[in-house]
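One structure below.
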Amino acid sequence: MSKITITAALPYANGPVHIGHLAGVYIPADIHARVQRLRGEEVLFICGSDEHGVPITLRARKEGVTSQDVVDRYHKIIGDSFKELGISFDIYSRTSNATHKELSQAFFKNLYEKGAFKEIRSEQYFDEQAGQFLADRYIVGTCPSCKNEGAYGDQCEKCGSTLSPTELLNPKSALSGTVPMMKETVNWYLPLDEIQETFLNEWLGGKSHWKSNVYGQCKSWLNEGLRPRAMTRDLEWGVPVPIDGADGKVLYVWFEAPIGYISATKELRPDDWEQWWTGDSRLVHFIGKDNIVFHCIIFPAMLHLRGDGYVLPEQVPANEFLNLEGQKISTSRNWAVWLNEYLVEMPNRKDELRYVLTSIAPETKDSEFTWKDYQTRVNSELVGILGNFANRVLVLMQKYYEGVMPAVGTVREPYALFDRSGAGDHPMVVDYVRPVVDLLNNYQFRDAQFKMMELARLGNKYLAEHEPWKLVKTDAEATAMVLSEAVQVLYNLALLMEPFMPEASSRLLSQLGVSVSADDKQSFWLAGSQPGKWFELAEGHTLGAAGLLFQKIEDDVIDAQIAKLQATAASAAALAQAAGVATDSVVAGIEAKEEEAKPEVAYDDFAKLDLRVATVIACEKVEKADKLLKLTLQVGTEERTVVSGIALHFQPEEVVGKQVLLLANLAPRKMRGIESQGMILMAEDADGKLVFMSPSNSVAPGSSVS
RNA sequence: GGCGAGGUAGCUCAGGUGGUUAGAGCGCAGGAUUCAUAACCCUGAGGUCGGGGGUUCAAUUCCCCCCUUCGCUACCA
């Protein structure tokens with residue numbers, strides 16, 4: 001028996017948890033934690049809210065509340081919904097608490113005193129009026145590539161380019177709106193370039209057995225050569241840097257957040273927490289692919305420098321991303337299925353969510369959640385295969401034996417479920433239980449669950465083959481054999497379900513009228529390292545009260561969820577809603593069957609649109625594109641290039657000279673390498689033919705439309 | 001632009017140190033059945049494994065190029 005420290009990525013407390021988080025991190029982590037506990041391992045399953053960092057402060061400013069208010073709100077929402085779903089954390093902590101502050105400061109100080117950091121001076125933007133340095137995100141300006149005026153210092157959200165604050169044109173402070181000045185500051189850097197040479201190359205070199213997406217990503221970073229990375233920031237919201245002369249500085253969230261795993265452990269076990277992070281304890285991080293560098297490079301580097309016997313991660317089973325109805329899940333665009341809402345809107349369907357998300361877990365590549373697929377999986381797999389098998393066995397038992405296990409002699413051919421003549425491990429364990437255990441130990445949760453379901457399929461097949469409802473009329477002995485075998489399958493299936501669907505498992509066990517001790521479960525789950533055990537109910541055992549294990553999901557429930565997402569897509573697209581290429585991706589996920597009326601929008605939303613009349617002064621076909629025309633437009637004194645997907649409807653020469661309606665402030669977008677600076681609005685006929693929207697009398701190019 | 005991970009049946013995904021008929025679930029078609037939440041069981045149709053070149057007796061599996069999706073990262077302006 002060993003200690004296993006299992007961590008699940010700390011959810012960032014600026015929004016609730018959604019199905020992507022669950023499928024990628026929390027459900028697999030929970031299954032793993034449950035299995036290891038069942039196997040009798042000493043497990044600590046650690047998580048908590050990550051409550052520092054710039055996006056939280058931005059959100060707080062936007063809402064006019066304090067950062068603490070924001071994190072308090074989401075910490076509660078997230079924690080409550082995890083608890084209700086049954087994620088079996090031993091502790092769900094948070095990084096704004098005292099233990100964490102103390103421990104992360106001590107960690108920093110320890111490294112500081114070892115001389116692990118490099119002190120580096122640099123010039124950063126400083127807001128004189130607000131009296132503070134500005135994080136990249138706090139600087140707003142014009143994007144140098146797309147001219148979007150609302151670009152942030154680290155990224156332009158319109159065109160997606162990665163920026164540094166000094167690249168921004170017309171930088172302004174998001175705090176005061178004033179023009180920031182450059183001012184010298186000092187921060188402490190982790191010299192990752194040196195640590196790569198002395199430690200990371202070799203350590204990561206030994207991890208080729210990790211998942212290919214994880215190992216490949218790490219290799220990629222190492223090949224490019226790591227660079228020193230600042231572990232402190234000039235910011236107010238965070239853990240203060242615990243050394244003299246560091247006023248107004250906090251620990252970098254990615255320095256401090258992983259330490260949150262340790263401080264949560266300490267909070268839970270003040271006396272022996274260190275045993276879970278040193279010695280022969282085994283550390284496993286469950287994360288999403290966006291966290292790989294922090295958990296596979298930076299945090300291990302920190303732990304290594306710390307020394308003191310700290311263990312390094314044994315396995316980092318990072319998953320890819322889950323898409324929703326054809327689009328990336330996005331917190332800011334509200335394109336998500338939020339756990340807290342799911343729990344309310346789909347009551348008593350926790351295990352259904354666990355099951356579906358496990359079966360589509362993005363273990364090797366991005367995967368896709370759709371509500372229709374969810375419905376199908378629940379109805380045909382959980383209800384049709386698993387629930388149905390349970391129900392028919394229990395109903396037959398009730399009908400023929402009033403729920404009491406009948407006397408069965410030696411099961412004879414052809415009714416035997418498995419071969420009883422061999423001397424080795426039990427064939428059913430070898431064929432079903434052990435493969436599930438092995439797959440789980442190998443972090444292949446999706447396959448493990450599928451293998452579990454195969455046992456239910458086998459049960460249905462066995463019943464169909466031997467038809468006890470016919471046998472009962474002719475052969476009482478054989479009927480007893482068949483139903484007995486079927487009950488044993490169901491019993492073991494109930495045990496096998498536990499890590500995946502703990503509630504359904506426990507319901508089924510109680511319908512079988514059994515309660516299984518931890519020791520018995522252990523001998524079941526140790527199949528592999530030990531022979532394992534096939535559980536059987538004895539003659540005379542009385543089953544419990546039967547009931548349906550899962551309920552079918554009707555179409556209207558699913559339709560309501562889809563409609564909800566459609567409404568989200570519609571409002572997101574409201575600003576740019578018209579025919580044309582650029583909007584396609586926004587609404588492509590769910591296609592409305594007919595042209596439906598769109599939800600009402602506020603005037604303010606409409607007023608955001610800069611609509612202009614423009615004159616086409618040149619037009620040519622875009623090479624290697626069937627549908628695209630490149631138009632040059634006169635808009636006032638300005639000339640603009642717009643790429644429009646209308647080549648199937650118009651020849652270039654027939655467009656020149658026309659006046660068109662232009663959405664002038666649509667985010668630029670590159671198509672076929674040409675940047676399109678706006679969108680031409682068209683009417684679409686019933687037969688799909690496009691028609692220009694032109695003023696009835698010619699007006700000056702650039703005239704605004706409202 | 002560079003790097004990493006993908007691109008496999010209508011859909012969602014497995015798999016492949018190169019070698020007879022490439023898999024599963026769902027969906028679809030046909031059959032069988034009634035113990036069961038019109039569920040279950042059987043059978044079948046469906047893929048030149050992103051495209052093009054190369055190595056080889058043989059490539060979907062190895063090499064090169066290209067297209068494409070996702071992610072990481074750079075640079076230019």
Notebook entry, point to check: Looking only at atom C1', what distance separates B/rA29 and B/rG51, rounded to whole Å?
Noted result: 33 Å

Note to self: Nearest to the A/K461 side chain among B/rU12, B/rU34, B/rC42, which nucleotide is it?
What the structure shows: B/rC42

Margin query: Can you tell me if A/S220 touches the phosphate of B/rG71, counting only side-chain N or O atoms and a distance under 4.0 Å to OP1 or OP2?
Written below: no

Next item on the list: Using heavy atoms to find the nearest nucleotide of RNA chain B for A/F450 and A/V383 separately, return the residue whose nucleotide is more 5′.
Entry: A/F450

Margin query: So if I take every side-chain heavy atom of A/A464 and compare against B/rU12, B/rC40, B/rC41, which nucleotide ends up nearest?
Written below: B/rC41

Checklist line | Candidate nucleotides B/rU33, B/rU73, B/rC40, ranked by approach to the side chain of A/I385 - the nearest | finding: B/rC40

Checklist line | salt bridge (Lys or Arg N to Asp or Glu O under 4.0 Å) contacts in which one or both residues fall within residues 480-492 of chain A, not counting sequence neighbours | finding: A/R420-A/E485

Please write out the pairs of protein N or O atoms and N or O atoms of nucleotides 7-10 of chain B separated by less than 3.5 Å, giving the distance to one decimal.
residue, atom, partner, partner atom, Å
B/rG7, OP1, A/K365, NZ, 3.2

Item checked: Option from A/D559, A/I553, A/T376, A/L565 for which side-chain contact (heavy atoms from CB on, under 4.5 Å) with A/W371 holds -> A/L565

Note to self: Whether A/K328 contacts B/rG71 is assessed here as follows: a side-chain N or O lying under 4.0 Å from the phosphate OP1 or OP2. Is that the case?
What the structure shows: yes

Margin query: Between A/K470 and A/L382, which residue's closest nucleotide on RNA chain B lies nearer the 5′ terminus?
Written below: A/K470

Using a 3.5 Å cut-off and no angle test, enumerate the donor-acceptor pairs between side-chain atoms of residues 388-396 of chain A and protein atoms at least two apart in sequence or in another chain.
residue, atom, partner, partner atom, Å
A/R392, NH1, A/N460, OD1, 2.9

Check: Between A/N319 (side chain) and A/G24 (backbone), is there a donor-acceptor pair under 3.5 Å?
Finding: yes

Next item on the list: Examine distances only and state if a side-chain atom of A/R446 and a backbone atom of A/I360 form a donor-acceptor pair shorter than 3.5 Å.
Entry: no

Next item on the list: Enumerate the residue pairs fulfilling side-chain hydrogen bond (donor to acceptor under 3.5 Å, both in side chains) with a member in residues 212-226 of chain A, sequence neighbours excluded, ordered by first and then second residue.
Entry: A/N213-A/E320

Margin query: As a test of reading the structure: which of B/rC41, B/rC26, B/rA5 is closest to the side chain of A/S380, going by heavy atoms?
Written below: B/rC26

Next item on the list: Measure from NZ on A/K289 to P on B/rC72 and round the result to the nearest Å.
Entry: 8 Å

Note to self: Defining pairs by Watson-Crick or G-U wobble geometry with both distances under 3.5 Å, how would you list the stems of RNA chain B with at least three pairs each?
What the structure shows: B:1-7 with B:67-73, B:10-13 with B:23-26, B:28-31 with B:41-44, B:50-54 with B:62-66

Notebook entry, point to check: Hey, is the main chain of A/M501 close enough, under 3.5 Å, to the side chain of A/S505 for a donor-acceptor pair?
Noted result: no

Check: Should B/rG51 be called syn or anti, with syn set as within 90° of 0?
Finding: anti

Next item on the list: Answer with base, sugar-phosphate or nothing: what part of the nucleic acid does A/N223 contact at a heavy-atom distance below 4.0 Å?
Entry: nothing

Margin query: Need one value for A/S367: base, sugar-phosphate or nothing, where a base atom within 4.0 Å counts as base even if backbone is also close, heavy atoms only.
Written below: sugar-phosphate

Next item on the list: Decide whether a cation-pi geometry holds between A/K328 and A/F321; the criteria are a distance under 6.0 Å from NZ or CZ to the six-membered ring centre and an angle within 45° of the ring axis.
Entry: no

Notebook entry, point to check: Between B/rA39 and A/K552, is there an OP1 or OP2 to side-chain N/O distance shorter than 4.0 Å?
Noted result: yes

Notebook entry, point to check: When we call it a touch if two heavy atoms are under 4.0 Å apart, what does A/L549 touch: a base, just sugar-phosphate, or nothing?
Noted result: base

Next item on the list: Indicate yes or no for a side-chain donor-acceptor contact from A/Y432 to the backbone of A/V489 under 3.5 Å, with no hydrogens or angles considered.
Entry: no

Notebook entry, point to check: Among pairs that include at least one residue of residues 433-459 of chain A, which meet ring pair (Phe, Tyr, Trp, His ring centres under 6.0 Å), considering only residues two or more places apart or in two chains?
Noted result: A/H32-A/Y443

